Each structure stands twice: as structure tokens, then as C-alpha cells.
Amino acid sequence: MKRFLKTMFRNIRRNALFSAINLSGLVLGFVCIIIITVWIKTELSYDRFHENSGIIYRVHRYFYDANGAENLHLSNVAPVIAPLLQNDFHEIQNIARVAHTGMVFSLGSRKMQENKVCFADPAVLNIFTFEGLPSDKNLLVRPLTAIISDAVADKYFPGQDAIGQSLEFKDPRGEKYFLEITGVFKRWHKISHFNPDFFISFSTLEAAVGPDELKDWGSNNYETFALIPNVPADMDEKLDAFIDNHLENGTKWTKIRLEKLTDIHFNWHSNRSYIYILTSIALLILILASINTMNLNAAMYSKQLKDIRIKKIIGASRKALIVQLLAESVLFCFIALIIAVYIASVALPMFNKTLNNTLEFKILKNTELITGFIVLSLLTGIFCGIYPALMLLTNQRGNAITADINKVGKMSFRNGLVVFQFVVSIALIISFFMVSKQLNFIRNKALGLEKENIVVIPATPLLIQKLDGFKQQLSGNPNITGVSASKRVPSDGLWDCSGARIISGNTSTPLGFRLANVRIDEQFIPAYKIKLLAGRNFRENISNDFGYIINASAVKKIGWTSPEEALGQIIEYGGRKGNVIGIVEDFHYESLHNPISPIIMYYDPSDFNLVSIRIAPVQRNRTLSFIEKTWQEYNNVDYAFSYEYLTDRYRNLYKSEENIRTIFVYCMILAISIAILGLIGLSVFLTERRTKEIGIRKVNGARIFEILAMLNKDFLKGVAIAFVIACPIAWYAMHRWLQNFAYRTIQSWWVFAAAGAIAIVIALLTVSWQSWRAATRNPVEALRYE
């Protein structure tokens with residue numbers, strides 16, 4: 001072993017530049033693998049910390065139009081569904097409803113806003129894992145009881161036993177209640193699609209909302225989880241029969257289905273395809289680094305021909321020499337892995353900050369990953385060393401290797417590997433440009449409304465009762481140019497709809513499509529600067545002015561030929577008749593992943609929950625302070641003031657795409673850096689091999705430009721071939737990715753041209769630096785011993 005290590009480090013010292021290039025490339029490759037693997041592990045770990053995660057299902061709901069086409073998919077369902085499922089399906093071991101909310105709790109003079117609060121059926125304790133709770137399963141039976149996380153217990157009752165303590169809260173109307181703490185559980189992992197700190201008994205909510213709410217099939221506000229050890233193969237058919245049994249011909253317009261708890265993250269909050277994309281990119285980058293090492297090892301080992309011949313003469317077997325060379329390569333990769341683990345652990349916090357993520361990589365807690373990385377370094381070492389080792393040891397003639405290494409004018413295996421490196425680099429550059437182009441398209445696309453300078457704040461029932469006064473007081477501020485109340489705001493989903501009919505004379509024709517509703521006041525359209533195509537807005541005395549405003553898509557879908565024709569038509573929506581008083585231009589209420597839906601707007605203050613305020617771009621902090629002060633004057637209930645900019649809400653719709661673009665930036669930089677390192681190594685080696693040839697050409701009158709062209713042409717030829725190969729691959733990949741958007745940019749020719757130009761410039765700058773040194777060298781230095 002001592003002799004082996006001594007020989008290895010002697011070879012590294014003799015070829016310090018090549019060894020540094022090899023090590024740098026492998027370290028970069030392993031760093032990429034480590035960080036992306038940690039990200040993938042985190043993505044795949046969502047909700048898996050529950051002991052029964054494999055048999056926990058969430059009930060979700062579909063809605064269909066008259067033609068049977070899906071027009072709405074909800075992750076929540078009506079509260080009546082859970083008890084009916086428990087009664088009708090013996091396969092369901094436990095089922096629980098969860099309703100999420102936010103509340104303000106008081107303890108003495110302390111008041112705290114808590115956003116991770118939910119009401120839950122007692123069966124939730126039998127479905128999910130709650131560490132630290134007693135075995136009593138009746139902790140959430142009585143009204144006004146709750147279990148809390150240990151983090152919350154430490155916040156409210158530091159150094160005390162929280163069980164038996166009470167927290168005060170008020171309902172939206174100011175009525176005071178006391179919540180008894182019956183249990184404390186260990187806070188759930190952050191790697192969960194939801195992680196409440198408060199579970200309040202569902203009977204508390206039942207007493208507040210009344211029995212009618214819990215029997216309503218249209219109130220789809222409840223996550224519903226079921227523990228099902230064995231799901232029958234015909235479960236979908238049974239669920240359809242269940243719906244038809246409780247709703248006559250119900251499956252014609254709605255269905256429910258089950259989804260695994262472990263699939264929720266990918267189905268609703270992320271994209272499973274990104275796992276495959278990033279895994280492929282990480283492996284490709286490691287392969288790029290391995291190719292560099294393979295090429296440069298072949299170059300370095302060719303200098304060891306005399307040593308190998310001598311070892312063969314004194315009795316060393318070919319097998320022993322191959323093992324030695326492979327062992328050197330494997331150890332080299334293992335050293336690179338150790339350095340990469342350190343760099344990744346240091347870089348991960350910066351990576352988290354950039355992506356607003358919470359990835360963790362603690363060696364002692366990731367032994368399975370470390371084991372996998374060690375195996376990967378072993379395989380990488382064998383891959384990097386096998387080609388040069390076999391190439392050197394299977395050649396019978398001493399100059400065979402030198403001849404192969406010095407091939408310049410013909411395509412060789414080595415040149416093919418260089419082409420592969422640039423195929424990956426160019427494809428990543430094109431992909432980065434296209435992702436950036438689509439995101440810029442999203443940011444700059446006209447939405448049909450103005451989202452800038454809109455502040456969104458919550459509206460409590462008390463505030464809605466005094467809404468006119470609140471709006472009037474805000475409008476008195478010169479920095480506030482519009483105030484509107486509504487149920488939801490643009491950037492939310494269009495989740496609300498009712499049955500619609502067109503009334504013409506004595507005929508009533510049901511619409512064969514979903515007409516989503518947006519409940520607004522008379523200030524909504526001017527505040528958002530939505531364009532009226534025909535008709536008028538709601539009047540200020542809106543209570544005596546009931547009517548409907550629809551968008552252009554609804555006009556077209558219904559079959560009216562123009563906005564003018566739609567004016568005055570009678571629509572019965574949700575059982576209420578009204579005239580069409582206005583038509584607005586289409587606007588993007590949802591993200592650009594979805595096409596514009598037909599929308600109907602009407603006044604219904606009982607459902608208003610948000611207030612949109614258009615403010616001037618100057619003195620924003622002063623304006624926000626004024627809004628908060630006014631809001632508190634109109635809310636004599638303990639509730640924390642909060643606000644969001646509408647632009648931030650829209651930006652959050654594309655968070656995963658923004659993260660992917662950032663990851664593409666890092667991967668592109670790594671790939672290009674590795675390709676540059678490889679080019680530097682190969683150009684150094686080839687110019688050294690051709691030093692005498694260059695000297696002879698210069699003596700015979702060759703100019704520097706001619707020598708540069710001779711040395712660079714093969715590299716540029718390889719880049720050109722890589723460009724031709726990379727373009728269709730990148731085009732197809734980006735074409736598939738763009739299908740995720742209903743509105744998308746085009747794949748412009750300049751994106752591909754720019755990527756090719758960047759690759760050529762990088763190759764020229766990298767190779768020309770070494771070529772210039774060789775071309776301007778005094779030929780006497782190369783020929784002095786000839």
C-alpha cells in the first residue's frame with residue numbers, strides 16, 4: 001500500500017496541472033450530485049414520517065360540465081362526505097376532516113397570531129403520527145379542546161406543563177372563548193404538505209357553523225383523510241356508486257377519488273418531472289467530469305509507457321498493472337468526493353437562501369446517502385480509469401498510444417467525448433435561455449388588469465358590516481386611488497361556481513360548461529383597471545342594482561356573437577335571475593398555466609373576505625401604516641393585520657419555475673466550467689505533443705495566425721458538431737416543458753444561435769490561450785536538441 005500511494009502521489013506531482021484539472025472537475029461533478037440528491041431526497045420525503053403514510057389517502061373531488069369534460073379539480077371536499085364514507089365503506093378504518101384557519105390567541109396580556117391552526121375530527125389521532133401524546137384517543141372529542149405542538153407549548157408555557165392550561169380567543173364577532181390544552185405532541189417535520197401547530201376539536205367548529213354547513217355538498221372547504229389498509233381494485237367504481245347513491249345522477253357532474261398522502265406534494269405543490277430532469281442533469285454533469293478525467297488520464301498515462309514496459313519486463317502481469325491504474329483512479333475519485341462533501345455542506349445554506357428552501361445535509365443523519373456516494377465514486381473511478389488503462393496495456397507497439405493521442409485531423413473516441421461534453425453544455429444553455437424567456441413572457445404578458453401597486457388585506461365579518469365607512473375613510477387618503485372588497489382576488493383559483501341557465505322568453509337552457517363566479521363590489525373593476533367592452537359597471541347604490549357582469553370568454557362560450565348582443569340577456573345563476581349589465585375584456589385571474597375561463601361577476605357581500613387597495617408608488621410605508629391603523633379601528637376583535645402585494649401573489653404562482661431556472665443557472669455554470677477544464681487540459685497536452693512540429697513550421701515561415709488555426713480547428717469542428725446534435729434535443733425538451741403553460745413563448749432561432757455562439761466563444765478563448773503560447777514560443781527552444 002505504501003509503495004502504491006508513493007507511486008500515485010509521484011505521478012500527481014509530475015502532472016500537477018492535469019491532476020488539478022481532473023480533481024476540480026470531479027469535485028464540481030460530485031458537488032452537483034450531492035446537492036441535487038439532497039433536494040430530490042427532500043422532495044421524495046414529503047409526509048413519509050407518518051408511520052401509516054403508505055395507507056393514508058386524501059379524498060379529492062372533480063366537477064364536470066354537461067359534455068363530461070372536467071372543469072374543476074379540488075383538493076378539499078364537502079364536510080358531509082367523510083361520515084357518509086365511514087358508514088358506507090367497511091374498507092375505511094378511520095376517516096377525519098381537517099379545516100385550516102388562522103387565529104389570535106391570548107394569554108394574559110400577550111396576543112399572538114397563529115396561522116398553523118386547524119379543526120380536526122378525533123379520528124385524526126388514529127390516522128397520523130403524533131409523538132408524545134398519551135394513548136387516550138378522546139383528546140379531541142369535547143368542544144373547546146385542542147392539542148398543540150411542543151414548539152407552541154414552549155412559546156406560551158415555558159418551563160410549565162401545558163396540559164390543562166387554557167388559551168383565550170375570540171370569534172370574528174368578538175365573543176370570548178377559552179381553549180383547553182389536552183395534549184402536547186412533537187412538532188411535525190417541515191417536510192409535509194401541512195404541519196399544524198394547533199389541532200382543535202371538530203366539535204368546536206360544529207358549534208360555530210351549525211348543522212346546515214356540515215350537510216352542504218357545495219361547501220368544499222375540508223381536507224378529508226382516510227386510513228385504508230387495503231384499497232380494493234374497484235375502488236373508483238365503488239366511489240361512483242357512492243356518489244350516485246347520495247346524489248341522483250351525481251357522477252354526471254361530480255366524482256370523488258383517493259390519492260395517496262405521499263403523492264399530494266407532487267400532485268398539488270410540485271412537479272414530479274423535475275425529479276427526473278434534475279437527476280439526469282446531475283448525472284450528465286458527473287459524466288462530463290468523468291470524461292475529462294478519462295481523457296486526461298489517457299494523456300498522462302501515455303507518459304508512463306517506459307515505466308509500464310519496464311514493469312512488464314521484470315514480471316508484472318497485465319492484470320496487476322490494470323488493477324494498479326484503476327486503484328489510482330478510484331482513490332483519486334474518493335479524494336474528490338471527500339472534498340465535494342465538505343464544499344456541499346458549506347454551499348447548501350447559500351443554495352437554500354437562493355431557493356428559499358430548507359435542505360439539510362448532515363453526514364451522521366444521511367448514512368444511506370453517504371454510502372451511495374461512496375459506491376458512486378467507486379463506479380466513477382472505474383469508469384474514468386478503465387479506458388486509458390486498457391488502451392495503454394492492450395497495445396503491443398510502444399508508439400501506438402502516442403499516435404492515437406496525437407490524432408488531430410480525424411474524429412476519435414477522445415474527440416467524441418469532447419463533443420458529448422459540448423452537447424450537454426449547449427443543451428443546458430438553450431434550456432436556461434428558454435426557461436428565462438418563458439418566465440419573462442409571464443412577467444410581461446398583459447393580464448387584462450393592472451397588478452402593480454395593489455395591496456390585499458383580510459376582511460373580517462365586522463369589517464364587512466362597516467365596509468362603506470371603511471372604504472370612504474381609506475379613499476380620503478391621497479395615496480389611495482381605489483378600494484374594493486371581494487371573495488378572493490386575482491391570483492387565486494377560480495374554485496367557485498353554480499349552475500347556470502340562459503332565460504329566453506319561456507325557455508330555460510342550461511349551460512353546458514362551467515361558469516366560474518367572482519363576487520365583487522362596484523369598485524373592483526376600476527380598482528383593477530379592467531376594461532369594459534360593453535354596458536356598465538355596478539352602480540354605487542349596488543344593493544338595488546342586482547345584475548351580472550361577464551367576461552368575453554363567457555360571451556363566446558355561450559354563443560352570443562358580440563358583447564352588445566349579450567347586454568340585457570337574462571341569466572339564472574345559482575337559482576337567482578339577473579340581466580347581463582356589462583361585459584369586460586378577458587383577464588387572467590389564475591396563472592398562465594391555465595386558459596382564461598368563462599367568468600360571471602356579481603355582488604354578494606356576505607361572502608367577501610378580502611379587500612384590494614390600489615396605492616400610489618410613493619410613500620408606501622406611510623400609506624401601509626395608515627391602512628393598518630384604519631383597519632384596526634374597524635375591527636374590535638383581536639386579529640393581526642397582514643397584507644400582501646398582488647405582484648407577490650402572482651410571482652408565487654411560478655415559484656417552482658423560478659427555482660428550476662436558478663438550478664439551471666448553477667448546472668449550466670458547472671457544465672461549462674467542467675468543459676473548459678477539459679479543453680484546457682487537452683489543449684495543453686496536444687500543444688506539448690506538437691511543440692516540435694510547431695517549431696519546424698515556424699522555421700519554415702508559418703505565421704502565428706496559421707498555427708492558431710491549425711491548433712483550434714479541430715476543437716471548433718467538435719463544437720459545431722455538438723451544436724447540431726444539441727439543438728433538436730433541447731428543442732424537444734423545451735417543447736415538452738412549455739406544454740405546462742396555456743400561454744407560452746415561442747422557441748426563437750436566436751436562442752439556439754446564441755447558445756452556439758457562446759459555446760464557440762468559450763472554446764476559442766479556452767483553446768486559443770494555450771495555442772497562442774505555443775504559437776509565439778521561440779522555435780529554438782523546441783529544436784535545440786534536434
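Remember, predicted model here, so these are calculated numbers, not experimental data.
Looking at every heavy atom in both residues, Ala78 comes nearest to Asp216 through CB-O, 3.3 Å.
Counting only heavy atoms from C-beta outward, the side chains of Trp217 and Arg61 approach each other to under 4.5 Å. When side chains are defined from C-beta on, Arg649 does not count as touching Leu653, because their heavy atoms never get closer than 4.5 Å. Counting heavy atoms from C-beta outward, Thr224 and Ile81 have side chains that stay 4.5 Å or more apart. The shortest side-chain heavy-atom distance between Ile285 and Cys667 falls under the 4.5 Å cut-off.
In this structure, the salt bridge (Lys or Arg N to Asp or Glu O under 4.0 Å) partners of Arg488, at least two apart in sequence or on a different chain, are Asp496. Every residue two or more places apart in sequence or in another chain was checked for a salt bridge (Lys or Arg N to Asp or Glu O under 4.0 Å) with Arg48, and none qualifies. The side chain to side chain donor-acceptor pair (under 3.5 Å) test applied to Thr129 returns no partner, not counting sequence neighbours. Contacts of Asp607 classified as salt bridge (Lys or Arg N to Asp or Glu O under 4.0 Å), with partners at least two apart in sequence or in another chain: Arg519. Among residues two or more places apart in sequence or in another chain, the side chain to side chain donor-acceptor pair (under 3.5 Å) test is passed with Asn594 by none. Residues passing the ring-ring contact (aromatic ring centres under 6.0 Å, His included) test with Tyr46 are His265, sequence neighbours excluded. Residues satisfying the side chain to side chain contact (heavy atoms under 4.5 Å, CB included) criterion with Lys557, sequence neighbours excluded, are Phe513, Pro598. By the side chain to side chain donor-acceptor pair (under 3.5 Å) test, Lys577 pairs with no residue at all, sequence neighbours left out. Residues that satisfy the salt bridge (Lys or Arg N to Asp or Glu O under 4.0 Å) test with Glu213, not counting sequence neighbours, are absent from this structure.
Between Phe128 and Phe130, the two ring planes are perpendicular [angle over 60°; tilted spans 30° to 60°]. The aromatic rings of Tyr548 and Tyr602 sit perpendicular, their planes meeting at an angle over 60°, well past the 30° parallel limit.
For His588 and Tyr743, the ring centers are positioned less than 6.0 Å apart. Checked against a 6.0 Å centroid threshold, the rings of Phe169 and Tyr177 count as neighbours. Between Trp39 and Phe351, the gap from one ring centroid to the other reaches at least 6.0 Å.
Legend: salt bridge (Lys or Arg N to Asp or Glu O under 4.0 Å) pairs involving residues 262-277, not counting sequence neighbours, sorted by first then second residue: Asp263-Arg272.
Between the side chain of Asn740 and the main chain of Trp737, a donor-acceptor pair closer than 3.5 Å is present. Of the possible donor and acceptor atoms, one in the side chain of Asp161 sits under 3.5 Å from a partner among the backbone N and O of Ile163. No donor-acceptor pair closer than 3.5 Å links the side chain of Thr251 to the backbone N or O of Asp244. Side-chain N or O atoms of Asn94 include none that pairs as donor or acceptor with a backbone N or O of Pro122 at under 3.5 Å.
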Going by atom type alone, with no hydrogens or angles, which donor-acceptor pairs under 3.5 Å involve a side-chain atom of residues 192-199 and a protein atom two or more places apart or on another chain?
from	atom 1	to	atom 2	distance (Å)
Ser192	OG	Asp47	OD1	2.8
Ser192	OG	Phe194	N	3.3
Ser192	OG	Phe194	O	2.5
His193	ND1	Asp47	OD1	3.4
His193	ND1	Asp47	OD2	3.2
His193	NE2	Glu223	OE2	3.1
Asp197	OD1	Ser149	OG	2.8
Asp197	OD1	Arg187	NE	3.0
Asp197	OD2	Arg187	NH2	2.9

Identify each donor-acceptor pair in which a side-chain atom of residues 234-243 lies under 3.5 Å from a protein atom, sequence neighbours left out, and give them as a table.
from	atom 1	to	atom 2	distance (Å)
Lys238	NZ	Glu91	OE2	2.9
Asp240	OD1	Arg257	NH1	3.0
Asp240	OD1	Arg257	NH2	3.3
Asp240	OD2	Arg257	NH2	3.4

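Side chain to side chain, Glu572 and Ser508 fail the donor-acceptor criterion of an N or O pair below 3.5 Å. Judged purely by distance below 3.5 Å, without hydrogens or angles, the side chains of Arg514 and Ser597 never pair a donor atom with an acceptor atom. Using a 3.5 Å distance cut-off with no hydrogens or angles, the side chains of His60 and Asn267 do not pair a donor with an acceptor.
Separating the NE2 atom in His246 from the CG atom in Asn87 is a distance of 7.5 Å, to the nearest 0.5 Å.
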